[in-house]
Amino acid sequence: MSTGGHCEIAVSLRGLTRTFERPDLGVPVRGLRRFWTRRPTMEAVALHPTTFHVNAGESVAFIGPNGAGKSTTIKILTGILHPTAGMATVLGHVPWLDRDALSREIATVFGQKSQLWYHLPARDSFTLLTRIHDLDADLARRRAGALCERFGLDGLLDRPVRTLSLGERMRCEVAAALLHSPRILFLDEPTIGLDVIARQELRSIIRELNQRDGVTVFLTSHDAGDVERVCDRAIVIHTGRVVFDGSIETLRRDFVRRKTISLELSSPFTGESPIMSGVVSTQLTPMRWQFQVDTTVVPAETVLAGLIGRMQIADLTITDPPMEDVIAAIYGQASSSEAVS
Amino acid sequence: MTSVRGHGGRGVVGIAAYRMRVIQAYFVVHLRDQMAYLGEVALGGIILAVFLFVLTQLWQATFRFQGADTLGGYTLAQVIWYLVLTEAFITSRVAFARKIDTDVRTGDLAYALVRPGGYVSAHFGAYLAERLVRFAFALLVGGVLALLSVGPVPVGPVPLLVGLAASLVAMLLDFVMVLGIGLGAFWIEDTSSIYLIYTRVSMILGGLLIPIDLFPDTVGAIARALPFAAMIHGPARLVLSSGLADVSGLFTMLGGSLALAGGLVWWEYGVARRRVTAQGG
Ligand SMILES: Nc1ncnc2c1ncn2[C@@H]1O[C@H](COP(=O)(O)OP(=O)(O)OP(=O)(O)O)[C@@H](O)[C@H]1O
Ligand SMILES: [Mg+2]
């Protein structure tokens, strides 16, 4: 399935906001009064006004620390929750007004919430989904067959879903979500709790869906690998605002202003380790050195120029920090003075 | 998206037909599922058999003690067959209020509500499958037992069919009431106690063990004013009386109760839906 122009907007949020009323426990209501007075409430903000757009065919990681409002956003975009203010459209539908029409074009997978019928075999879930999506029985059967092959579900389909392992179940979940050929796939922490292999499998499946079938992917995860392997673009929300929106490369290069310079020397260097402000040096062996450069203090080129004069370099690499560190930095950042783009 | 038939925008008839297909799908899937657990159903049959056996002994003793051929217009054989019919209704009950209660408390309801086809349709299809399998099985076990102990009773085909139809309407009414109880989880802490009260009251005032005709006058009057008698006693009596004397009263009671309960639960469901989309999971 190819989408027309590359500018077709799949998901659009304009000032989308969600608050919850919470009982204000600071104001006690005692005695009989509590039977007729409304308990005082306070407003808790789950999602500050948020604006961004996702084009059809994109693969977006929506990241931010716990409580940033990621799940809330996905719930609103899939029609589960109503917003308090703002606007959103998904494939032209307003999710909370047009849930039925929307549910035929999108799919949602929650890592923490099974959408299959727990006590029934997955095969029955496919049957039910075929009917409730009102699919042509033959087409759906063929599609289910293809999905089962692709996801390696043979042998799993006849066991009640509750008896499957988490990894097996997640494969069934994703396959079931795709039965009606959705154009957008929302995933909320899909790899949570999976082992390394299962994670990689799921990632490559999602990646392939996006690359080969052109399904728009919108994913939240705390896992660096998910973000790197599946997505091309990242949207970061933190303390109520979008602090980054750009490509994964940009995120990695610019969000954490730190580079690692690794050197292989042609002759051992045994002198004092070079001291520069903004640089932490480590001697791995006399032939191999590593320098962590804080590029807000000193550019990597300056450090390198200094090193070239003192060491005999056989080989050098400059690397960006690993995604784990990038994400840790994003989450650790209280008020983002470093935010880019 | 050629595979999507698109049930939207086909008018009321199209949507109703779609809903029926959804209910049917849930029905078929759960029917198959029930067959997979036939052992459990059989276990229920054994319990039912023991229960019926004891009650048969009791009623035989009562008839002997009274030295009468009929009690309240029922022969011994008729009382036993009455027990079979009412027991089949009661033991085939599906306690899905707990499922709904859990859905509400865990927040799963929010997710279930966005699934196309409808939450109530899903539960209704599953309910019908489970209920009808258990009902048929209980009738079978009870029927064999009654045949062995007291033999057949004369039953006309028309009262039998009308009685079964009334039982179906009664099941629909039961479904609506249990749905209402389950959704009560939005307001009350523990709906299982309400469900327990509902089942106990419907057993006693529905005339499970003792036909309502044998109740003391005041209790009988109360029982007749409530829908439970029409759900349990009514259809059984209709089948056994071989006449259609009370049939309009019975269906009026069932229909009226269904309209009333349906209206209330519809409203409750609407409020519940709004609360879910306001509160989220
Ligand atoms: N139903 C609710 N009632 C009250 N507050 C809620 C409700 N749902 C979410 N919140 C609050 O809204 C905020 C955002 O929650 P949300 O689940 O969207 O976070 P998240 O970004 O998905 O976090 P995580 O990474 O932990 O999954 C949190 O502070 C949470 O406590
Ligand atoms: Mg979340």
Side-chain angles (χ1 to χ4, degrees), chain A residues 1 18-21 46 71-72 74-76 78-84 91 95-96 98-106 108 110 112-115 117-121 123-143 158 160 179-183 188, chain B residues 1-10 14-37 40 96 99 102-103 106-123 125-126 129-130 273-281:
Chain A
M1 187 197 72
R18 175 69 217 207
T19 57
F20 286 102
E21 298 264 301
S71 297
T72 303
I74 288 199
K75 283 184 197 167
I76 296 173
T78 53
I80 291 171
L81 202 61
H82 285 206
T84 346
L91 296 171
W96 53 96
D98 212 359
R99 295 206 287 206
D100 278 4
L102 186 67
S103 66
R104 266 175 269 144
E105 299 190 73
I106 66 163
T108 321
F110 297 94
Q112 324 229 42
K113 211 127 214 171
S114 177
Q115 308 228 87
W117 286 263
Y118 211 52
H119 298 287
L120 298 175
R123 195 183 295 286
D124 285 341
S125 286
F126 285 113
T127 310
L128 287 174
L129 287 167
T130 303
R131 282 306 188 83
I132 66 179
H133 285 297
D134 223 10
L135 308 177
D136 178 84
D138 276 342
L139 267 174
R141 198 170 309 125
R142 250 176 287 144
R143 188 161 166 83
D158 293 309
L179 190 64
H180 61 292
S181 315
R183 292 168 60 195
D188 195 357
Chain B
M1 302 300 100
T2 48
S3 56
V4 176
R5 261 193 237 154
H7 43 261
R10 285 200 315 203
I15 291 169
Y18 163 68
R19 284 289 153 116
M20 292 309 285
R21 285 200 299 278
V22 169
I23 292 173
Q24 188 201 353
Y26 280 97
F27 178 80
V28 171
V29 161
H30 283 273
L31 201 63
R32 226 183 306 127
D33 195 49
Q34 283 288 298
M35 295 306 162
Y37 295 103
E40 273 167 45
F96 70 100
K99 279 189 220 156
T102 316
D103 278 356
T106 57
D108 284 348
L109 185 65
Y111 298 80
L113 283 176
V114 288
R115 198 172 260 160
Y119 184 70
V120 176
S121 313
H123 272 291
E130 275 187 53
R273 272 187 92 109
R274 279 196 294 283
R275 280 188 62 155
V276 167
T277 49
Q279 283 176 348

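Each chain gets a letter, A, B and so on, in the order the sequences are listed, and its residues count up from 1.
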Which portion of P83(A) sits near chain B, non-hydrogen atoms under 4.5 angstrom = neither

Would you mind checking which part of S114(A) comes under 4.5 Å of any heavy atom in chain B, side chain (CB onward), backbone (N, CA, C, O), both or neither?
-> neither

Could I get the full list of side chain to side chain donor-acceptor pair (under 3.5 Å) partners for R273(B), not counting sequence neighbours?
-> Y269(B)

Would you give the length of the straight line joining atom CG of D108(B) to atom OH of Y118(A), rounded to the nearest 0.5 angstrom?
-> 10.5 Å

So, do [X] and [Y] sit near enough that their side-chain heavy atoms are less than 4.5 Å apart?
{"X": "T277(B)", "Y": "W96(A)", "answer": "no"}
{"X": "H30(B)", "Y": "L120(A)", "answer": "yes"}
{"X": "P116(B)", "Y": "H133(A)", "answer": "yes"}

Write down the atom of [X], the atom of [Y], and the distance for their closest heavy-atom approach.
{"X": "I132(A)", "Y": "R115(B)", "value": "CD1-CG, 3.5 Å"}
{"X": "S103(A)", "Y": "V114(B)", "value": "CB-O, 4.1 Å"}
{"X": "R131(A)", "Y": "R21(B)", "value": "NH1-O, 3.2 Å"}
{"X": "L113(B)", "Y": "R99(A)", "value": "O-NH2, 4.1 Å"}

Under the salt bridge (Lys or Arg N to Asp or Glu O under 4.0 Å) test, which residues partner R141(A), sequence neighbours left out?
-> D138(A)

